[in-house]
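All remarks here apply to the structure that follows.
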Number of protein chains: 2
Amino acid sequence: MAFTIKNSAKNGNSTSASNRVEVILDAPTAAAQVDGEAPLTYLNKGQYYTLSLKDKTNTDASITSTVVIMFHDENYRKVASNYWKFWRTQQDNPQQARAIDIESSKSSGVDDIEFQYFDRIAFKWRGAVGANIVIRFNCLSTDFSRIKGVKGIPLRLYTESVASDRVEKGYCRIKLFRDKNVRTKMMQSISRDSWKS
Amino acid sequence: MAFTIKNSAKNGNSTSASNRVEVILDAPTAAAQVDGEAPLTYLNKGQYYTLSLKDKTNTDASITSTVVIMFHDENYRKVASNYWKFWRTQQDNPQQARAIDIESSKSSGVDDIEFQYFDRIAFKWRGAVGANIVIRFNCLSTDFSRIKGVKGIPLRLYTESVASDRVEKGYCRIKLFRDKNVRTKMMQSISRDSWKS
DNA sequence: AAAACCGGTTTC
DNA sequence: GAAACCGGTTTT
């Protein structure tokens, strides 16, 4: 029952009119709401999700991509280091805690995976082949405060791909929940094209 | 709309059949439930409550009483220090954090108030006069775990009074909530005699 | 897997 | 002050 959130052609501040790299988050249980804001995809902490990358031009070149988990709202991003610092203290092993992980054995088409930072994964792939990475998140949208009973903070799954000296950016607005299962409570409708460039 | 929870004659392991010291918790908004367990009184963190002490024999002697906030269940009391240690780390000033406080200016008939420990108050009063102490709790029943969504731990308001070389003990099962207002949600019935000796 | 529970928070 | 919201937890 997989369903995909596609990289839409809708453009933000990119210099080119169309995107060469297409990113798709395969979120089996995700749904999206419209609050008048960006669509929201619900994901579960610890669960595996596949992120597919394709070069629409099929050029046989090496592309370097970085996948980052960050706060969606600008106000939160301004003081992100404080939130992550708090998150870190709540983890079992603050030193080696990672907010996002890649499952190499389930991923394909990727090379030179780097875990330089706790909040991102960098890797290379070939445009003619494409890449499928299986990722997992180790944080909850409610992990950034000890206050009980409050709404979780919307996060952003952000990608940056460098192909032929050109940088393409894209992101998806997500919320991370605790449940291992589908969070049926708030499932409402299925939306596409929530991946923005 | 004050209502009182009286020190019942019901006896546990006291050596005497009746109690000389009567303790009454004046809990304006409290209610009690019967789970087949001890009655439970709901209190609000930060709110003032009056505890009255009387010498039923009206003897004009000095009585030393101690009021303690502790865990009601034995299993929790066994590892109480761990819970309180955690609670302490969550407080603004772990060093001088107190779980229970007395408002001296509103209290009457008390002398030599001692704050030797964070979880108790000791003081002297005269049997012929009685004492009214106004106390306040600085902890929540949910403060002993960072897990969100779980039930709060039942606590115990415990008193120990020394009069004429005789020690009288009593307690009341309570739960401390956040609300500054009445927690009408779970108010069900009014019960008396929930103060056990 | 679904529904109820829990209690702090927010809204009305 | 009452009711709805929120999401982690527990129960069924």
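Here is the naming used below: chain letters follow the sequence lines, and residue numbers restart at 1 for every chain. The structure presented is a predicted model; accordingly, all values stated were derived computationally and were not measured.
- Side-chain contact between B:S52 and B:N132 is present, with at least one heavy-atom pair separated by less than 4.5 Å.
- Rounded to a whole Å, the CD1 atom of B:I147 is 16 Å from the C1' atom of C:dG8.
- At least one side-chain heavy atom of A:K124 sits under 4.5 Å from a side-chain heavy atom of A:T64.
- Between A:F123 and A:L53, the closest side-chain pair of non-hydrogen atoms falls below 4.5 Å.
- Between the P atom of D:dC6 and the NZ atom of A:K175 lies a distance of 8 Å, rounded to the nearest Å.
- Using a 4.0 Å cutoff on non-hydrogen atoms, the parts of residues 149-156 of chain A near DNA chain C are A:G149, A:V150, ordered by number.
- Remark: B:Q95 CD is loosely packed, at most 12 non-hydrogen atoms of other residues, nucleotides or ligands lying under 6.0 Å away.
- Distance CZ (A:R146) to C1' (D:dG7): 18 Å, rounded to an integer number of Å.
- The interatomic distance linking B:L43 (CG) with C:dG8 (C1') rounds to 17 Å, in whole Å.
- Neither OP1 nor OP2 of C:dT9 sits under 4.0 Å from any side-chain N or O of B:K148.
- A heavy-atom distance below 4.5 Å is not found between the side chains of A:D119 and A:Y158.
- Residue A:F177 has its side chain nearest to D:dG7 when only D:dG7, D:dT9, C:dG7 are considered.
- Put simply, the side chain of B:E168 reaches to within 4.5 Å of the side chain of B:R20, judged on heavy atoms.
- As rounded to whole Å, 15 Å separates atom C1' of C:dC6 from atom CG of B:D143.
- In terms of phosphate contacts, A:T142 brings no side-chain nitrogen or oxygen within less than 4.0 Å of OP1 or OP2 of D:dC6.
- In this structure, the CG atom of A:N44 is 10 Å from the P atom of D:dG8, given to the nearest Å.
- When the side-chain nitrogen and oxygen atoms of A:S141 are compared with OP1 and OP2 of D:dG7, none of them lie within a distance under 4.0 Å.
- B:F144 has its side chain within reach of B:L155: a pair of non-hydrogen atoms, C-beta onward, lies under 4.5 Å apart.
- Taking atom CZ of A:R178 as the reference point, atom P of D:dT10 lies 11 Å away to the nearest angstrom.
- Atom CG in B:L176 sits about 12 Å away from atom P in C:dG7, given to the nearest Å.
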